[in-house]
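In what follows, residues are counted from 1 in the order of the sequence shown.
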Amino acid sequence: MALPGARARGWAAAARAAQRRRRVENAGGSPSPEPAGRRAALYVHSLDDTELRLLGRTHSACDALRTLAEARRLFPGRVSVDLMLGLPAQQVGPWLGQLQELLHHCDDHLSLYQLSLERGTALFAQVQRGALPAPDPELAAEMYQRGRAVLREAGFHQYEVSNFARNHWQQFEPQLTLWDVFGANKEVQELLERGLLQLDHRGLRCSWEGLAVLDSLLLTLLPQLQEAWQQRTPSPVPGG
């Protein structure tokens, strides 16, 4: 299970900082041209209007697809989209249908993100009071694994836990892996031995026991990641 919450995503995002890209926050907006070597990332989230409303998004699936078509015109071969999984009441079959549909429209980069319920959001409140069912982690895991298989069959290479690319995927691949950063760290090894962390081919993540002490774990992980990132040898970005 991936580390939940905004703070946990912060250190994971730092490992992707080498990816120079422009983000278009609202998939209903209009992307603008950028220099070669960058990407336009569209936060599509879902191709189901009911799910988009559940997430509090103002764009529709049609808006997203129109914007995606415009982005591909402006950034040929350099457009990234995302699809969220693990939403309340979401089912595997319809979600895989969305993924297949998105593959007909997307370029060469796609991200699969699992929903994290954030305290203080309307969605969190609805789940807390029982108006919506809590996300099912087992169902989300099945979506993720089956989504990986679909993307692999479509020619995508998985280079990070959530990120997939095809064709020129090497330009997106980070120069540091989680094994490089944390594999030999004594504190991380102790956390692994205590069962608080798990580090394998799927990435670094908390165990259920580790979730209870997530804040203290981040105090160990973040400085290690920052130090490794500062010591890396920067690689050239094509066209950058």
Side-chain angles (χ1 to χ4, degrees), residues 6 9 12-13 15-87 90 93-116 118 121-123 143-144 147-148 150-174 236-240:
R9 287 200 302 271
R16 298 192 289 271
Q19 297 174 204
R20 301 170 58 198
R21 59 189 178 186
R22 172 177 174 81
R23 296 187 179 277
V24 180
E25 293 286 349
N26 188 334
S30 298
S32 301
E34 286 273 337
R38 297 189 179 182
R39 286 187 286 129
L42 301 185
Y43 294 122
V44 174
H45 297 318
S46 173
L47 293 180
D48 183 299
D49 287 345
T50 300
E51 292 179 354
L52 289 171
R53 288 192 294 270
L54 185 70
L55 292 167
R57 301 301 184 255
T58 57
H59 69 271
S60 67
C62 288
D63 292 333
L65 293 178
R66 281 195 299 267
T67 303
L68 177 54
E70 176 68 4
R72 293 182 68 187
R73 183 184 70 81
L74 294 170
F75 306 89
R78 293 182 284 117
V79 177
S80 175
V81 295
D82 79 316
L83 194 64
M84 296 193 69
L85 58 90
L87 276 62
Q90 196 175 42
W95 181 81
L96 287 173
Q98 290 187 49
L99 179 58
Q100 293 282 11
E101 175 67 16
L102 196 55
L103 287 175
H104 292 302
H105 300 276
C106 75
D107 243 329
D108 291 335
H109 194 279
L110 195 147
S111 300
L112 301 180
Y113 292 130
Q114 182 176 349
L115 174 71
S116 293
E118 304 289 352
T121 63
L123 186 55
M143 290 178 184
Y144 175 69
R148 291 177 66 202
V150 168
L151 291 171
R152 184 168 56 248
E153 291 175 3
F156 282 77
H157 169 87
Q158 182 174 10
Y159 68 92
E160 286 175 345
V161 174
S162 298
N163 291 323
F164 303 78
R166 60 184 170 189
N167 295 331
H168 304 294
W169 59 265
Q170 292 92 341
Q171 65 179 295
F172 304 123
E173 193 163 27
V237 178

statement: Sequence neighbours excluded, the answer for side chain to side chain donor-acceptor pair (under 3.5 Å) partners of Asp48 is none
field: Least distance between heavy atoms, Phe156 atom then His109 atom
entry: CE2-N, 4.0 Å
- prompt: How far does CD of Glu101 sit from CG of Leu96, to the nearest 0.5 angstrom?
  reply: 13.5 Å
field: Any side-chain heavy-atom pair of Trp95 and Leu47 under 4.5 Å
entry: no
task: With rounding to the nearest 0.5 Å, note down the distance linking CZ in Phe75 to OG in Ser80.
output: 12.0 Å
statement: Residues passing the side chain to side chain donor-acceptor pair (under 3.5 Å) test with Gln90, sequence neighbours excluded, are Glu51
- prompt: Heavy-atom distance under 4.5 Å between the side chains of Leu103 and Leu110, does that happen here?
  reply: yes
field: Close side-chain approach of Ser162 to Glu160, heavy-atom, < 4.5 Å
entry: no
message: Can you list everything that forms a side chain to side chain contact (heavy atoms under 4.5 Å, CB included) with Arg53? Sequence neighbours excluded, please.
response: Asp49, Thr50
N/O donor-acceptor pair under 3.5 Å between Gln158 side chain and Val161 backbone: yes
Option passing side chain to side chain contact (heavy atoms under 4.5 Å, CB included) with His45 (candidates Leu83, Leu87, Leu55): Leu55
field: Distance-minimising heavy-atom pair for Leu42 and Ala71
entry: CD1-CB, 4.0 Å
query: Heavy-atom distance under 4.5 Å between the side chains of Arg152 and Phe164, does that happen here?
result: no
field: Option from Thr67, Leu74, Leu68 for which side chain to side chain contact (heavy atoms under 4.5 Å, CB included) with Glu70 holds
entry: Leu74
query: Is the backbone of Val44 close enough, under 3.5 Å, to the side chain of His59 for a donor and an acceptor to pair up by distance?
result: yes
field: Ser46 and its side chain to side chain contact (heavy atoms under 4.5 Å, CB included) partner, picked from Gln98, Arg57, Met84
entry: Gln98
query: If only atom types and distance count, is the side chain of Arg72 paired as donor or acceptor with the main-chain N or O of Val79 below 3.5 Å?
result: no
